[in-house]
Amino acid sequence: MPVLVITGTGTEVGKTVTTAAVAAAALAAGRSVAVLKAAQTGVRPDERGDADEVARLAGPLTAAEMARFPEPLAPGTAARRAGMPPVRPQEVAEAAAKLATEHDLVLVEGAGGLLVRFDAEGGTLADVARLLDAPVLVVAPAGLGTLNSTELTARELRARGLEPAGVVIGSWPSDPDLACRCNVADLPEVSGTPLLGALPAGAGTLPPADFRAAAPGWLSPRLDGTWDAQAFAIREAPQGP
């Protein structure tokens, strides 16, 4: 797949660190990688954005950013309040398609969830995926409440004729509770798509060299990794009924 769109079920679910892990695994497999951040919000011009953070963790890749808005809001709202032109799905798709002519893999990272609006016309990351005819990887949290948001995201993708590539748990706790353990089996069931990885909590704080060495072990072979979903599910299965 030359282009993979990466969305979260919401904010702060580990989307950027997951993007970095996918990039690191692809680089380790010998593929050239570009990361395109559709819209960066809540970051000053002199601060490191998500695409830069992916490059810091994953290694040598092309990092690109479509637009940056100062307030930590949905891109469409942030653009309007800043008096700046919004980023539009067609522009993101065109930029990703150009990068795909020069790289083996292009990762397009959204802002927040799938239907966060980019502009006043209601353009979203789902529109970007449709224009690119690209699969969408869903990053979800591990704990209580994740099943509803993950199923809604997967249903919306299918309603739009898009392919959910799979689900990755963006932050797996060192001491998972009962809900987390049950969700390992329930996430594939409610989303109708495989679990393709689980990143340990705090992965983004690792030194870059350690992150790159470990990343393939967090992701399934479909994402250039070695993670075994079945073994993980058996190990984390809760005791009792």
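Given the structure is predicted, the values throughout are model-derived calculations rather than measurements.
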A.B. asks: Check salt bridge (charged side-chain N to carboxylate O under 4.0 Å, His left out) between Arg155 and all other residues, then give those that pass, not counting sequence neighbours.
C.D. replies: Glu151

A.B. asks: Determine, step by step, whether Glu121 and Arg88 satisfy the salt bridge (Lys or Arg N to Asp or Glu O under 4.0 Å) criterion, reporting the C-alpha distance in whole Å, the side-chain angles of both residues, the deciding distance to 0.1 Å, and the verdict.
C.D. replies: CA-CA 9 Å; Glu121 289 71 41; Arg88 302 189 185 279; 2.5 Å; yes

A.B. asks: Phe232: which residues meet the ring pair (Phe, Tyr, Trp, His ring centres under 6.0 Å) condition with it, sequence neighbours left out?
C.D. replies: Trp172, Trp227

A.B. asks: Quick check for you: to the nearest 0.5 Å, what is the distance between Leu147 atom CG and Leu144 atom CG?
C.D. replies: 8.0 Å

A.B. asks: Should we count CD of Gln230 as having more than 12 external heavy atoms under 6.0 Å?
C.D. replies: no

A.B. asks: Does Leu115 share a hydrophobic cluster with Val167, counting links as ILVMFWY side-chain heavy atoms below 4.5 Å and allowing steps through other members?
C.D. replies: yes

A.B. asks: Going by heavy atoms in the side chains, are Glu163 and Val136 under 4.5 Å from each other?
C.D. replies: no

A.B. asks: Rounded to the nearest 0.5 Å, what's the gap from CG on Leu131 to CD on Glu94? Could you check?
C.D. replies: 8.5 Å

A.B. asks: Counting distance only, does the side-chain N/O of Thr18 pair as donor-acceptor with the main-chain N or O of Gly170 below 3.5 Å?
C.D. replies: no

A.B. asks: Looking at Glu236 and Ala233, would you say the former's side chain and the latter's main chain have a donor-acceptor pair under 3.5 Å?
C.D. replies: no

A.B. asks: For Thr150 versus Ser191, what's the shortest heavy-atom pair and its separation?
C.D. replies: CG2-CB, 4.0 Å

A.B. asks: Any donor-acceptor pair under 3.5 Å linking the side chain of Ser32 with the backbone of Asp104?
C.D. replies: yes

A.B. asks: Tell me, with the steps shown, if Gln90 and Val128 meet side-chain contact (heavy atoms from CB on, under 4.5 Å).
C.D. replies: CA-CA 7 Å; Gln90 183 66 45; Val128 174; over 6 Å; no

A.B. asks: Counting C-beta onward and ignoring hydrogens, is there a side-chain heavy-atom pair between Met84 and Phe69 closer than 4.5 Å?
C.D. replies: yes

A.B. asks: Specify the closest pair of heavy atoms between Ala82 and Pro70, including all atoms of both residues, with the distance to one decimal.
C.D. replies: CB-CD, 4.0 Å

A.B. asks: Could you measure the distance from the CG atom of Leu57 to the CZ atom of Phe211? Nearest 0.5 Å is fine.
C.D. replies: 5.0 Å

A.B. asks: Measure the CZ-CG distance between Arg222 and Leu4 for me, rounded to the nearest 0.5 Å.
C.D. replies: 9.0 Å

A.B. asks: How close do Leu196 and Gly166 get, heavy atom to heavy atom, and via which atoms?
C.D. replies: CD1-CA, 3.8 Å

A.B. asks: Closest heavy-atom contact between Gly123 and Pro89?
C.D. replies: CA-CG, 3.7 Å

A.B. asks: Say you draw a straight line from OG1 of Thr205 to CG of Asp210; how long is it, rounded to the nearest 0.5 Å?
C.D. replies: 10.0 Å

A.B. asks: State, to 0.1 Å, how close Asp127 and Gly122 come at their nearest heavy-atom pair, and which atoms those are.
C.D. replies: OD2-O, 3.9 Å

A.B. asks: Taking the side chain as C-beta and beyond, is there a heavy-atom pair between Leu199 and Ile169 under 4.5 Å?
C.D. replies: no

A.B. asks: Starting from Leu132, can I reach Val92 by hopping between I/L/V/M/F/W/Y residues whose side chains sit under 4.5 Å apart?
C.D. replies: yes

A.B. asks: Would you say Met66 and Glu91 make side-chain contact, with heavy atoms under 4.5 Å?
C.D. replies: yes

A.B. asks: Is any side-chain heavy atom of Arg160 less than 4.5 Å from a side-chain heavy atom of Arg130?
C.D. replies: no

A.B. asks: Measure across Ala23 and Leu61 and return the closest heavy-atom pair with its distance rounded to 0.1 Å.
C.D. replies: CB-CD2, 3.8 Å

A.B. asks: Under a 4.5 Å cut-off applied to non-hydrogen side-chain atoms, are Leu137 and Leu223 in contact?
C.D. replies: yes

A.B. asks: May I ask you to check whether over 12 heavy atoms, not counting those of Asp228, lie within 6.0 Å of atom CG?
C.D. replies: yes

A.B. asks: side-chain contact (heavy atoms from CB on, under 4.5 Å) for Val13 and Val139? Distances and angles first, verdict last.
C.D. replies: CA-CA 7 Å; Val13 297; Val139 181; 4.1 Å; yes

A.B. asks: With Leu99 as reference, evaluate Val33, Val3, Leu36 under the side-chain contact (heavy atoms from CB on, under 4.5 Å) test and give the passing residue.
C.D. replies: Leu36

A.B. asks: Taking the side chain as everything from C-beta on, heavy atoms only, tell me whether Arg80 gets closer than 4.5 Å to Pro86.
C.D. replies: no

A.B. asks: Less than 4.5 Å apart, any side-chain heavy atom of Leu107 and any of Leu105?
C.D. replies: yes

A.B. asks: Can you list the steps and then say if Thr9 with Lys15 is a side-chain contact (heavy atoms from CB on, under 4.5 Å)?
C.D. replies: CA-CA 9 Å; Thr9 58; Lys15 186 171 66 274; over 6 Å; no

A.B. asks: Checking side-chain polar atoms at under 3.5 Å, does Asn183 have a donor or acceptor matched by the opposite partner on Thr146?
C.D. replies: no

A.B. asks: Between Val168 and Val138, does a side-chain contact (heavy atoms from CB on, under 4.5 Å) hold up when you go through it step by step?
C.D. replies: CA-CA 6 Å; Val168 170; Val138 178; over 6 Å; no

A.B. asks: Hey, could you give me each pair passing side chain to side chain donor-acceptor pair (under 3.5 Å) that has a residue in residues 59-77? Not counting sequence neighbours.
C.D. replies: Thr62-His103, Glu65-Arg68, Glu71-Arg81

A.B. asks: So, taking the atom named OG1 in Thr7 and the one named CG in Leu125, what distance separates them when rounded to the nearest 0.5 Å?
C.D. replies: 5.0 Å

A.B. asks: Give a yes or no on whether Leu157 and Leu152 share a hydrophobic cluster (residues Ile, Leu, Val, Met, Phe, Trp, Tyr; joining criterion: side-chain heavy atoms under 4.5 Å apart).
C.D. replies: no

